[in-house]
Protein chains: 2
Amino acid sequence: MPDPPIVRIDLGSGAPAYAQIVAQIRALLVSGALEPGTRLPTVRQLAVDLGVHHNTVALAYRTLAEEGWLELRRGRGAVVVAREGPRASARAQAEFSQHLEGLLAKAAADGLSSKAIAREFRALGRKLWKGKTS
Amino acid sequence: MPDPPIVRIDLGSGAPAYAQIVAQIRALLVSGALEPGTRLPTVRQLAVDLGVHHNTVALAYRTLAEEGWLELRRGRGAVVVAREGPRASARAQAEFSQHLEGLLAKAAADGLSSKAIAREFRALGRKLWKGKTS
DNA sequence: GACTATTGTACATAGACATTGTACAAATAA
DNA sequence: TTATTTGTACAATGTCTATGTACAATAGTC
């Protein structure tokens, strides 16, 4: 049977489709599930899998390429490349804090307990930093 | 001297102004910094403080009112009301997990260490659940 | 009670953003 | 060379954001 798509987006979730694709693939890259050398599905293939236009996938790939995760070439496809991450900027730190506070407050407002939230945080930490310490 | 505005938004941060206002006031509500009975600034007053149109603030207030945090009435203003939070839905849980994973991956990609991320998480937890256990 | 000021709301407009349709350019395969 | 595959460019369309302006409801003043 065909492989399942590497990402699964939720149209009608409010978030733009291309942003969902970026976020999910970035998570796979950070966790190491996608290693340098790996070839991603073509923009058309993934577009069909997700039910969106191939230009939408292309925009997502381009965003990741600008972050240094991918190399894109016509006729070849999208390949994961080795990447030296930037050093944490004050700007990045501040944005993270801002967004995290908003997200936690939203979760609490939606009825999630602080315990459930902490549990999810730990679970995702294990998923994203499998073994790594930094 | 005049009170500082209760929120501070960052135009040109990508995030819509009204969403930033919603997120920040929601955080104040969740933490208990804004208690039932408290009167918020008028839409026009806050709009001037933030440098946006009053309809933008009005949209933010309406969003919070629909979540049950505020009561809005013409001529009177916006008042914080007691609110029974909903029970956590599977949908809310899934959305939180999704968004948190994206946010953590983005932070890691921007160079933040897992330690710095965990530290920020704990700090915000203390801020939002001052004493409360649930 | 009449009048004015205050405050949230409704709605049309302008601009930015997201997605798509279509055509093109570069690399590969036959 | 020729056909196919794959990413890219660009215009068109629809939706979302922010604003300008006018209106409706409440409070305050005399």
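Residue numbering restarts at 1 for every chain, and letters A, B, ... go by the order of the sequence lines. We use all heavy atoms of the structure for the numbers below, so side chains are in, but hydrogens, waters and symmetry mates are not.
If you measure from atom CZ of B:Arg62 to atom P of C:dT7, you get 17 Å, rounded to the nearest angstrom. The distance from atom CG of A:Leu72 to atom P of D:dT6 is 14 Å, rounded to the nearest whole Å. Protein atom CD1 of B:Ile21 is 8 Å distant from nucleotide atom P of D:dA18, rounded to whole Å. A:Glu66 has its CD atom 13 Å from the C1' atom of D:dT8, to the nearest Å. When rounded to the nearest whole Å, the span between CG of A:Leu50 and P of C:dT19 equals 12 Å. Going from atom NE2 of B:His54 over to atom P of C:dC11 covers 15 Å, rounded to whole Å. Separating the CG atom of B:Asn55 from the P atom of C:dC11 is a distance of 12 Å, rounded to the nearest angstrom. Atom C1' of nucleotide D:dT17 and atom CG of B:Leu11 are separated by 11 Å, given to the nearest angstrom.
Within a 6.0 Å sphere centred on CZ of B:Arg8, other residues, nucleotides and ligands contribute 12 heavy atoms or fewer.
If you check C:dG21, D:dT19, C:dC24 against the side chain of A:Arg44, the one that comes closest is C:dC24. Set against C:dG8, D:dG7, C:dA18, the side chain of A:Thr42 has D:dG7 as its closest nucleotide.
Residue B:Ala78 is in sugar-phosphate contact alone, with no base atom involved, counting any heavy-atom pair closer than 4.0 Å across all strands shown. At the heavy-atom level, B:Tyr18 lies under 4.0 Å from the strands shown only through sugar-phosphate atoms. Residue B:Arg73 is classed as a sugar-phosphate contact, given heavy-atom separations below 4.0 Å to backbone atoms only.
A donor-acceptor contact under 3.5 Å links the side chain of A:His53 to the base of C:dG21.
B:Trp69 pairs with exactly one of B:Val80, B:Leu28, B:Val30 by the side-chain contact (heavy atoms from CB on, under 4.5 Å) rule, that one being B:Val30.
Here the OG atom belonging to A:Ser114 is positioned 14.0 Å from the CZ atom belonging to A:Phe121, to the nearest 0.5 angstrom. The structure places CD of A:Gln24 at 5.0 Å from CD of B:Gln98, a figure rounded to the nearest 0.5 Å. Annotation: the span from A:Thr56 atom OG1 to A:Leu50 atom CG amounts to 10.0 Å, rounded to 0.5 Å.
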Legend entry - Test log, rule side-chain hydrogen bond (donor to acceptor under 3.5 Å, both in side chains), inputs B:Glu120 and A:Gln93: CA-CA 9 Å; B:Glu120 190 64 32; A:Gln93 163 76 35; 3.2 Å; yes
Look for any protein N or O under 3.5 Å of an N or O in nucleotides 27-30 of chain D and output each such pair with its distance, or none.
from	atom 1	to	atom 2	distance (Å)
D:dA27	OP1	B:Arg76	NE	2.8
D:dA27	OP1	B:Arg76	NH2	3.3

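Phosphate proximity of D:dT19 to B:Thr56: present, with a side-chain N or O under 4.0 Å from OP1 or OP2.
Ion pairing between a basic and an acidic side chain is recognised when a charged N comes within 4.0 Å of a carboxylate O; B:Arg91 and B:Glu95 show such pairing.
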